There are 2 protein chains.
Amino acid sequence: MNDIQFAAIPLQQPLYKEVKRQIMAELISGEWKPGTAIPAEKRLSERFAVSIGTIRKAIDELVAENILIRQQGRGTFVATHNRDRLLFYFFHIVGQDGTKQYPVVALDAFARGKAEAEEAVKLGIRRGDPVIRIRNILKLADAPVIVDEIAIDQARFPGLSEKQFAGRPNTIYNLYQDAFGISVVRAQERLRAILADARNARLLKVAPKAPLLRIARVAFTYQDVPVEIRVSTVNTERHEYWSEIHNTER
Amino acid sequence: MNDIQFAAIPLQQPLYKEVKRQIMAELISGEWKPGTAIPAEKRLSERFAVSIGTIRKAIDELVAENILIRQQGRGTFVATHNRDRLLFYFFHIVGQDGTKQYPVVALDAFARGKAEAEEAVKLGIRRGDPVIRIRNILKLADAPVIVDEIAIDQARFPGLSEKQFAGRPNTIYNLYQDAFGISVVRAQERLRAILADARNARLLKVAPKAPLLRIARVAFTYQDVPVEIRVSTVNTERHEYWSEIHNTER
DNA sequence: CAGTGGTCTAGACCACATT
DNA sequence: ATGTGGTCTAGACCACTGT
């Protein structure tokens, strides 16, 4: 916490970027936990010895990145992956009329293995490093619609066991956060169309060679550190993948 | 200095929102054209009789929405749909290794017709109103990869003719902007997997019943007015749809 | 009520681009 | 040298939340 020294180090970065970096550091260290309020802007401005305007500009960016949430009159909170809020943030499968539905998740497989070459690259680990592989079946309106195949770095999730999934809410990003302090803040997805193989046909109850949507996702925590890779196979007969194209940066 | 009264109308909206609205009005009216600079912040602060900070906040939001572009030392410019910048903003098909390629567009069909019920709803017009339908074939690395089927409100694009597509650059969003002053700023897409029918199989040179990606897009201009609906059919054998969920910056 | 974030002001100085 | 946007300050007051 505490007596910050700006004096000796001439910043070549804007001051608010440095403030932002320090706030991020508190989040990463777990000092400020998801769901809790961070100190008031006035207090932060005193602690960092900058004006409130500068604090606000740093927080502005973190709010834009969905890392902090402002609530007028209450405070500024560390974003949590609460069921509703972050579920539909990362869950883009909607009904054909665009309606959002809550998936019901069932664990289908849980195994420990070694990272293959491509997995290792995407997870930022080495080939052969221990990974955990999880397969989930997601139902929408009582029908199996999605098969999720997840791989994570075992070292990053020590002690993760099959049991922890029992009765879990919809996304395992809550689990990552609650049990391991890892917040997923960003994801990249690549989509293509494939034909159902025998296993997917069985799991999704479609005909062999039915068309399916294949989504390959890499999920990142703060500072672009990859934490999970996931392949989702989706029956898009009655559901669709929804994408909103809006602002990038300059 | 706050004795300035805005026409005795007590604003229930923040002042910067009102400023933003007025800047938008200039853009929509075509007073400030894409590619040109808008007046300097200082001048705007005088014109609107507000502080520079308030002007900046209004412009901040328009920049975040990709409607304006700031360039330090030069000015603030109305965003243009220049080939590169806005092409990959709305064009999300990439190579399997994630590389971006420029599509080569060929006009395959151009027809005038009447809006069907669903088209009319999405375009915000009435059933039976005149529409223009366009079919493009997009090649990537010399192979046909995408079939685009576009429908637009004929009333919104008076005098649009087949000829205007000759030698056009990659996206027709440039055409919308240059020839009709319509800037596409946002789009919604819905994706699903389908099987190739006879026509698509022929156009994309794939086997009948090959898996294809079907993208249904609605494109909007300022203030969420729909201007185009488009169905893209993509061969994802060698290409993928790329989606970034939540963009962090460096 | 006190405390929070939200808006707004009126400057100052800096970094950058153009002339 | 001039003009632009970018950063930063030190306040003021408003709107909202909780006690």
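The model shown is predicted, which means the values in this text are computed figures rather than measured ones. Residue numbers start from 1 in every chain, and the chains themselves are labelled A, B, ... in the order their sequence lines are given, proteins ahead of strands.
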* Structure fact -> 5'-most contact on DNA chain C (nearest-nucleotide basis), A:G75 vs A:I52, goes to A:G75
* To the nearest 0.5 Å, tell me how far A:I28 CD1 sits from A:Y222 OH. => 7.5 Å
* Structure fact -> For nucleotides 14-19 of chain C, 5' to 3', base contacts (B), sugar-phosphate-only contacts (S) and non-contacts (-) with protein non-hydrogen atoms under 4.0 Å give -BBSS-
* Rounded to the nearest 0.5 Å, what's the gap from CD on B:E189 to CZ on B:R230? Could you check? => 9.0 Å
* Name the orientation class of the two ring planes belonging to B:F90 and B:Y173 (parallel below 30°, tilted from 30 to 60°, perpendicular beyond 60°). => perpendicular
* When the nearest nucleotide of DNA chain D is assigned to A:I55 and to B:I38 on a heavy-atom basis, which residue is associated with the more 5' position? -> B:I38
* Asked: First and last nucleotide of DNA chain D in contact with chain A, 5' to 3', at under 4.0 Å to a heavy atom: what are they?
  -> D:dT7 to D:dG18
* To do: Check the angle between the aromatic planes of A:Y241 and A:H92 and answer parallel, tilted or perpendicular using the 30° and 60° thresholds.
  => tilted
* To do: Check for a donor-acceptor pair, side chain of B:S29 on one end and backbone N or O of B:E31 on the other, with a separation under 3.5 Å.
  => yes
* Asked: Does some side-chain heavy atom of A:F48 sit less than 4.5 Å from a side-chain heavy atom of A:L15?
  -> no
* To do: Decide, yes or no, whether a salt bridge links A:E46 with A:K42 under the criterion of side-chain N to carboxylate O below 4.0 Å.
  => yes
* To do: For the pair B:K57 (side chain) and B:T54 (backbone), establish whether a donor and an acceptor sit closer than 3.5 Å, ignoring hydrogens and angles.
  => no
* Asked: What does B:K57 touch in the nucleic acid at a heavy-atom separation under 4.0 angstrom: a base, only the sugar-phosphate, or nothing?
  -> sugar-phosphate
* Asked: When the ring planes of B:F157 and B:Y176 are compared, do they come out parallel, tilted or perpendicular, using 30° and 60° as the limits?
  -> tilted
* Check whether the side chains of B:E18 and B:Q22 place a donor and an acceptor atom closer than 3.5 Å, and report yes or no. => yes
* To do: Extract the stems that DNA chain D is part of, considering only consecutive pairing runs of at least three Watson-Crick or G-U wobble pairs, both distances under 3.5 Å.
  => C:2-18 with D:1-17
